[in-house]
4 protein chains.
Amino acid sequence: MDAALLTIAPAAPEPIYRQIVEQLRRMIVSGQLKPGERLPSVRDVAGQHAINPMTVSRAYSLLEGESLLVRQRGTGMTVAATRSTHSAHERMQLLEPRLHDLARAIRELELSTPHVLDRLNQLLEDQDERHA
Amino acid sequence: MDAALLTIAPAAPEPIYRQIVEQLRRMIVSGQLKPGERLPSVRDVAGQHAINPMTVSRAYSLLEGESLLVRQRGTGMTVAATRSTHSAHERMQLLEPRLHDLARAIRELELSTPHVLDRLNQLLEDQDERHA
Amino acid sequence: MDAALLTIAPAAPEPIYRQIVEQLRRMIVSGQLKPGERLPSVRDVAGQHAINPMTVSRAYSLLEGESLLVRQRGTGMTVAATRSTHSAHERMQLLEPRLHDLARAIRELELSTPHVLDRLNQLLEDQDERHA
Amino acid sequence: MDAALLTIAPAAPEPIYRQIVEQLRRMIVSGQLKPGERLPSVRDVAGQHAINPMTVSRAYSLLEGESLLVRQRGTGMTVAATRSTHSAHERMQLLEPRLHDLARAIRELELSTPHVLDRLNQLLEDQDERHA
DNA sequence: GTGGTCTAGACCACT
DNA sequence: GTGGTCTAGACCACG
């Protein structure tokens with residue numbers, strides 16, 4: 001069920017190709033997409049989400065440039081074997097800038113620490129239930 | 001010491017005018033900037049951060065459009081009196097989209113909940129110390 | 001005279017965007033394009049060579065991804081300050097794969113070493129005269 | 001020992017079928033593969049290098065189209081008798097485009113002529129030793 | 001079947 | 001003015 005692999009928000013401020021890049025990057029470095037695993041074809045993804053194939057292709061190419069995907073000539077893209085799965089520490093690094101910005105926003109809004117932590121915890125539990 | 005009022009990162013992905021808008025908005029709705037308080041002039045802000053005055057002006061105009069700032073003839077922009085300070089619940093709403101995106105990213109990265117909450121807590125403490 | 005900055009061969013097997021990427025990369029790492037120097041605009045390059053602006057933009061974006069160019073918001077692309085100029089040794093590395101392939105081709109063609117070296121030397125002198 | 005006849009790099013930018021075409025062409029025009037000599041079967045080559053038989057077949061067909069190979073009914077492909085061995089001058093022509101591109105790249109990288117010629121000379125000596 | 005390249009043109013975002 | 005994004009569609013290259 002590749003149908004649920006990606007979530008695209010066409011109206012979001014973040015460009016579509018980057019939504020794809022970032023979701024795939026996170027799933028690759030966490031090992032949810034395993035080395036050697038084949039990605040859905042450009043045309044499939046484009047068709048499922050009613051977007052232009054070139055937009056998908058652009059995302060794949062960028063990930064190829066990061067050496068997270070490799071092009072298997074004539075047969076599509078697969079997850080790269082080398083250095084694709086990262087340690088928890090490395091994955092945490094990917095989150096650092098967001099956490100810094102968030103901490104700053106929280107203090108500018110004068111919100112209490114437990115209030116925000118509770119809410120975030122709750123959202124994470126919601127996610128876990130949805131995928132359980 | 002207006003010098004420290006805003007933090008601008010010209011190379012950040014978020015456009016400069018929006019960095020200004022969002023920082024000011026948060027400080028206004030939380031009451032850190034009080035109704036009637038005068039903002040630094042466009043020229044001052046532009047000079048301090050070496051950015052284009054039009055960029056600052058645009059940010060001020062947007063906040064004026066939200067009725068968070070008012071243009072005082074001859075004396076520059078001041079924080080609006082009406083409805084500028086919000087309840088904790090309203091302020092929390094401003095954070096919701098970020099928290100949703102963050103929760104999603106955390107799960108795609110397969111990071112543990114306590115790990116992330118601890119780190120966020122730590123960043124908030126760092127902020128508090130810096131401003132103490 | 002930016003007119004002569006790039007040489008595009010639309011009929012070459014190598015895609016246009018990559019011709020641009022590789023020429024610029026070599027000129028940046030060699031210091032012929034200096035840190036901070038502004039590149040001709042996407043529209044200029046596209047107009048001069050009668051190609052689509054998106055093709056040029058794609059090349060610029062790839063170099064931005066390599067951190068060889070930086071986007072100056074609203075004002076165009078400039079050569080990155082950090083690590084743009086490389087040592088002779090590093091530049092030589094960029095040539096190694098080509099030299100290996102070439103050596104292999106020369107031996108498969110059973111050409112004599114001096115014959116080829118002389119010819120290459122001559123072509124380099126021709127280049128030097130053209131730019132003198 | 002046909003095993004060493006071809007060197008295939010599946011991940012190289014040059015397509016596999018063209019790697020085969022060019023290596024064989026060079027060995028034919030130089031006389032390393034002699035008129036009448038039988039080539040390994042499509043199936044053999046494909047098996048040895050773990051590539052698609054159609055890819056090998058395509059390469060053989062292209063060389064047949066250049067009249068460098070002939071299809072011998074029932075016995076596979078053999079090197080063509082006519083006009084297969086070329087003069088040194090003709091073989092040099094096959095190298096000209098690469099040498100031009102190389103000269104250009106060398107100058108864009110601002111490398112010194114002797115530096116590059118020495119390195120190329122060294123690579124050629126390495127090749128000679130390997131085949132001695 | 002796969003992905004890649006390029007175009008023409010629209011529209012947006014930023015300064 | 002600058003670059004960015006996306007589309008629709010054509011055509012190519014590869015296996």
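Letters A, B, ... are given to chains in the order of the sequence lines, protein chains preceding strands, and every chain is numbered from 1. All values derive from a computational prediction rather than experimental measurement.
Of the two residues near DNA chain F, D:Pro10 and C:Thr75, the one whose nearest nucleotide lies more 5' is C:Thr75. Of the residues near DNA chain F, C:Tyr60 and D:Thr55, the one whose nearest nucleotide (by heavy atom distance) lies more toward the 5' end is C:Tyr60. Residue whose closest nucleotide on DNA chain E sits further toward the 5' end, between C:Arg73 and C:Arg43: C:Arg43.
Remark: the backbone N or O of C:Thr78 is not paired with any side-chain donor or acceptor of C:Gln72 at under 3.5 angstrom. Within the 3.5 Å criterion, the main-chain N or O of C:Gly76 finds no donor-acceptor partner in the side chain of C:Arg38. Looking at D:Ser57, its side chain never comes within 3.5 Å of a backbone N or O of D:Pro53 through a donor-acceptor pair. Using modelled atom types, no side-chain atom of D:Arg71 and backbone atom of D:Glu64 make a donor-acceptor pair closer than 3.5 Å. In this structure, A:Arg104 contributes its side chain and B:Gln23 its backbone to no donor-acceptor pair below 3.5 Å.
Across all their heavy atoms, D:Pro13 and A:Arg73 have their closest contact at O-NH2, 3.3 Å. Between D:Leu95 and C:Leu109, the shortest heavy-atom contact is CD1-CD1, 3.8 Å.
Residue contacts shown for A:Asn52 include a base, since a base heavy atom lies under 4.0 Å away. C:Arg58 comes within contact range of the sugar-phosphate backbone alone, with a heavy-atom separation under 4.0 Å but no base atom that close. Within 4.0 Å (heavy atoms only), A:Ile51 reaches sugar-phosphate atoms of the nucleic acid but no base atom.
Looking at residues two or more places apart in sequence or on another chain, you find no side-chain hydrogen bond (donor to acceptor under 3.5 Å, both in side chains) involving D:Glu37. For B:Glu66, the salt bridge (charged side-chain N to carboxylate O under 4.0 Å, His left out) criterion is met by B:Arg25, not counting sequence neighbours. In this view, D:Arg91 satisfies the salt bridge (charged side-chain N to carboxylate O under 4.0 Å, His left out) rule with no residue, not counting sequence neighbours.
Here the P atom of nucleotide E:dA13 and the CG atom of B:Leu62 are 12 Å apart, to the nearest Å.
If you walk DNA chain F from 5' to 3' and mark each nucleotide with an atom closer than 4.0 Å to a heavy atom of chain A, the marks span F:dT5 to F:dG15.
Between C:Glu22 and C:Arg18 there is no salt bridge, since no side-chain nitrogen of the basic residue lies less than 4.0 Å from a carboxylate oxygen of the acidic one.
In the region residues 13-24 of chain C, proximity to DNA chain F at under 4.0 angstrom, judged on heavy atoms, holds for none of the residues.
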Q: Whenever both distances are under 3.5 Å in a Watson-Crick or G-U wobble pair, mark it; put DNA chain F into dot-bracket that way, with [ ] for crossing pairs and | when the partner is on another strand.
A: ||||||||||||||.
